[in-house]
Student: 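The structure that follows is given in the form of structure tokens.
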There are 2 protein chains.
Amino acid sequence: MPRITAERREARRIEILAAARRCFSRDGFHQTSMPDIAREAGLSAGAFYRYFPSKEDVILEIAGQAFGAMAGRIAAVGEDGSPAGIADIVAAVVGPMSGPTIELGPGDVAPTDELARCGVQAWGELMRHDTLRNRAAAAFDVLRARVAEVLRRGQVAGDVPADLEPDHGARVVMALLPGFVLQRQAFGLDDADGFVRAVDTLLGRTPPSEQPV
Amino acid sequence: MPRITAERREARRIEILAAARRCFSRDGFHQTSMPDIAREAGLSAGAFYRYFPSKEDVILEIAGQAFGAMAGRIAAVGEDGSPAGIADIVAAVVGPMSGPTIELGPGDVAPTDELARCGVQAWGELMRHDTLRNRAAAAFDVLRARVAEVLRRGQVAGDVPADLEPDHGARVVMALLPGFVLQRQAFGLDDADGFVRAVDTLLGRTPPSEQPV
DNA sequence: AGCTTCCGTGAATGCTCATTCGCCTTGACC
DNA sequence: GGTCAAGGCGAATGAGCATTCACGGAAGCT
């Protein structure tokens, strides 16, 4: 018979994750100590371990949130049946991010700057953490296939060059996203509209040969 | 009167940096201990400190190498007077990377996978290390201006949409690079040719309106 | 050769940190 | 209200780490 309800317990867990995100986005994964997280969450160091087995578990969970938030935005494009183009995909990921981080469900949070900063650090972890990398690779493949599908539809509609290999094209589209995130988080370049407009223009919606100066 | 010549001293310094790159690319900045670096360099832990004041200095120097190697490739595009396009810039960064890391000059090394992996981790450091961020931001601005200039020339030649804002377009081109590096280093996707081909196609060299299915 | 100066060594130092443990508190259930 | 298992606490633990230091030895110079 637990002293606190399951809901309260879950809320506490989520609160600890939120505190960890704040610490990680401010100081980095490895410069944040457990007492830091506990203090930020308003708990003692010991209480933390009633909710998570180790610090690494929190890092992995937050890395998962960061990747998941991005993936969720991409996956949502075109789900309502509207005709989705490449620029729509880019716009979805690159869209507004400010405000507090909101829990959408268990382990599912809205994308924020805070989370994006954790994500950038998680890229570094990807390269030597096998579990994280495998999960991320699987998610990447799903998204890439989805983007490739959008490109194929675009080819049918004539919006996308017919001689583009969709799988390679999807790689290029996916490659735009980390670059934008990095520019925004590291250099403060957050003109998402200008970025999307440039993507739209570059992608040939307005073919250069028909737009002489 | 030094016991070893200046050349030998410099060689040792470079060797330590090489050892640190190997360790960092394998285990990450913060999972690598000083004894690890010393052992990899064939030195004692104490000797390291005759060459560098601290571990952080090595990290910063290697981060600088990683960014500098990329920057060097971008900056080299079009320097020989040949007409450079966007795809040339992407191709330059995305090009071959294997082989041992080669010292090109003081603090100047050729891009390798090893160095690229250090670079990805350095992105995470960027966000909370002011000195590193400021230097990177300055370098980024220079490169972006250079890419924007290539785009302007492309507009004159008719290869690039006239209504593209060159500064925004340059951001987009620059954004492609971290994405490609991450895909290569984290997921092993190293088909650089296919990537460049897709960039070339997407950029509208072959306007979609003239390529109906 | 003799002196001096610097280099390399590796054990010692003095932290910090993740994690654990014994104890007290709290709230649910009877 | 009483009981008791779980929650919370924070000092204690023990490992690991960056950095320092005192010494042995090798090069340069005279």
Side-chain angles (χ1 to χ4, degrees), chain A residues 1-24 26-63 118 121 124-125 128-129 131-132, chain B residues 1-24 26-63 118 121 124-125 128-129 131-132:
Chain A
M1 50 192 70
R3 247 195 14 174
I4 58 177
T5 64
E7 293 77 30
R8 182 135 190 82
R9 187 176 172 78
E10 182 59 22
R12 191 76 109 180
R13 213 185 117 89
I14 284 172
E15 199 177 307
I16 293 174
L17 285 170
R21 277 197 303 270
R22 287 194 293 275
C23 291
F24 289 159
R26 193 196 316 125
D27 303 324
F29 290 152
H30 303 292
Q31 277 66 39
T32 298
S33 72
M34 296 308 297
D36 288 340
I37 297 177
R39 197 178 323 116
E40 180 83 29
L43 284 173
S44 70
F48 170 89
Y49 288 92
R50 303 263 187 208
Y51 293 90
F52 294 91
S54 75
K55 181 183 179 182
E56 183 170 29
D57 284 73
V58 179
I59 292 178
L60 290 183
E61 191 144 338
I62 287 181
C118 294
Q121 293 174 70
E125 303 296 310
R128 73 209 147 60
H129 199 293
T131 309
L132 186 60
Chain B
M1 53 192 70
R3 243 195 22 175
I4 60 177
T5 65
E7 293 76 30
R8 182 135 191 80
R9 187 176 174 77
E10 182 59 21
R12 192 77 107 177
R13 214 185 114 89
I14 284 173
E15 201 177 306
I16 292 173
L17 285 170
R21 276 197 304 270
R22 287 192 295 274
C23 292
F24 289 159
R26 193 195 316 127
D27 304 323
F29 289 152
H30 303 292
Q31 278 66 36
T32 297
S33 73
M34 298 307 298
D36 289 340
I37 297 176
R39 198 179 322 117
E40 180 84 30
L43 284 172
S44 70
F48 170 90
Y49 288 91
R50 304 260 185 212
Y51 293 89
F52 293 91
S54 75
K55 181 184 180 183
E56 182 171 29
D57 284 74
V58 179
I59 293 177
L60 290 183
E61 192 145 337
I62 287 180
C118 295
Q121 294 175 71
E125 303 296 310
R128 73 208 148 61
H129 199 294
T131 309
L132 187 60

Student: Going by the rule side-chain contact (heavy atoms from CB on, under 4.5 Å), which residues pair with B/A11 if we only count those two or more places apart in sequence or in a different chain?
Tutor: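 Counting only residues at least two positions away or on another chain, B/A11 forms no side-chain contact (heavy atoms from CB on, under 4.5 Å).
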
Student: Should the pair A/E7-A/R12 be classified as a salt bridge under the 4.0 Å nitrogen-to-oxygen rule?
Tutor: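 Salt bridge flag = no for A/R12 with A/E7.
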
Student: Pick base, sugar-phosphate or nothing for B/R12, based on heavy-atom distances below 4.0 Å to the nucleic acid.
Tutor: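 Sugar-phosphate: the residue B/R12, judged by heavy atoms under 4.0 Å, touches backbone atoms but no base.
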
Student: A/K55 has an atom NZ; how far is it from atom C1' of C/dT16, in whole Å?
Tutor: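 Nearest whole value for this atom pair: 11 Å.
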
Student: Using the side chain to side chain donor-acceptor pair (under 3.5 Å) criterion, which residues pair with A/Q121? Sequence neighbours excluded.
Tutor: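 Checked A/Q121 against side chain to side chain donor-acceptor pair (under 3.5 Å); zero matches.
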
Student: Mind checking what makes side chain to side chain donor-acceptor pair (under 3.5 Å) contact with A/R26, not counting sequence neighbours?
Tutor: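 Side chain to side chain donor-acceptor pair (under 3.5 Å) check on A/R26 returns A/E40.
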
Student: Got a sec, which residues hit side-chain contact (heavy atoms from CB on, under 4.5 Å) with B/E56, two or more places apart in sequence or on another chain?
Tutor: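 side-chain contact (heavy atoms from CB on, under 4.5 Å) check on B/E56 returns B/S54, B/L60, B/H129.
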
Student: Using the test side-chain contact (heavy atoms from CB on, under 4.5 Å), find all partners of B/A45 that sit at least two apart in sequence or belong to another chain.
Tutor: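 side-chain contact (heavy atoms from CB on, under 4.5 Å) check on B/A45 returns nothing, list empty.
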
Student: All N/O contacts under 3.5 Å from nucleotides 23-27 of chain C to the protein, with atom names and distances to one decimal?
Tutor:
unit_1	atom_1	unit_2	atom_2	d
C/dT25	O2	A/R3	NH1	3.0
C/dT26	O4'	A/R3	NH1	2.9
C/dT26	O2	A/R3	NE	3.3
C/dT26	O2	A/R3	NH1	2.9

Student: Mind telling me whether B/H30 and A/H30 have parallel, tilted or perpendicular rings, with 30° and 60° as the class edges?
Tutor: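 Judged by the thresholds at 30° and 60°, the geometry between A/H30 and B/H30 is tilted.
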
Student: Rounded to the nearest angstrom, tell me the gap between atom CZ in A/F52 and atom P in D/dG7.
Tutor: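 To the nearest whole Å, that distance equals 14 Å.
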
Student: Could you tell me how far apart B/F29 (CZ) and D/dC17 (P) are, to the nearest whole angstrom?
Tutor: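 The answer, rounded to whole Å, is 17 Å.
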
Student: For DNA chain D, what residues of residues 30-49 of chain B have any heavy atom nearer than 4.0 Å?
Tutor: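 Here the set is B/T32, B/S33, B/M34, B/P35, B/G46, B/Y49.
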
Student: Side-chain N or O of A/R8 versus OP1/OP2 of D/dG7: is the shortest distance under 4.0 Å?
Tutor: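 For D/dG7, neither OP1 nor OP2 has a side-chain N or O of A/R8 closer than 4.0 Å.
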
Student: Rounded to 10°, tell me the angle between the two end axes of the helix from C/dA1-D/dT30 to C/dC30-D/dG1, each built from five pairs.
Tutor: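 That helix gives 10° between its end axes.
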
Student: Salt bridge (Lys or Arg N to Asp or Glu O under 4.0 Å) with B/R39: which residues, sequence neighbours excluded?
Tutor: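 With sequence neighbours excluded, B/R39 shows a salt bridge (Lys or Arg N to Asp or Glu O under 4.0 Å) to B/D36, given in chain and number order.
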
Student: Just to verify, what does B/R8 make a side chain to side chain donor-acceptor pair (under 3.5 Å) with, not counting sequence neighbours?
Tutor: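 Partners of B/R8 by the side chain to side chain donor-acceptor pair (under 3.5 Å) criterion come out as none, since no residue qualifies.
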
Student: Regarding B/Y51, tell me which of base, sugar-phosphate or nothing describes its non-hydrogen contacts under 4.0 Å with the strands shown.
Tutor: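 Touches sugar-phosphate only.
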
Student: Can you check whether B/T32's main-chain N or O pairs, donor with acceptor, with B/K55's side chain at less than 3.5 Å?
Tutor: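 Such a contact is found between B/K55 side chain and B/T32 backbone.
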
Student: Run the side-chain contact (heavy atoms from CB on, under 4.5 Å) test against A/R9 and tell me which residues pass, sequence neighbours left out.
Tutor: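 Expected list: A/I4, A/Y51.
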
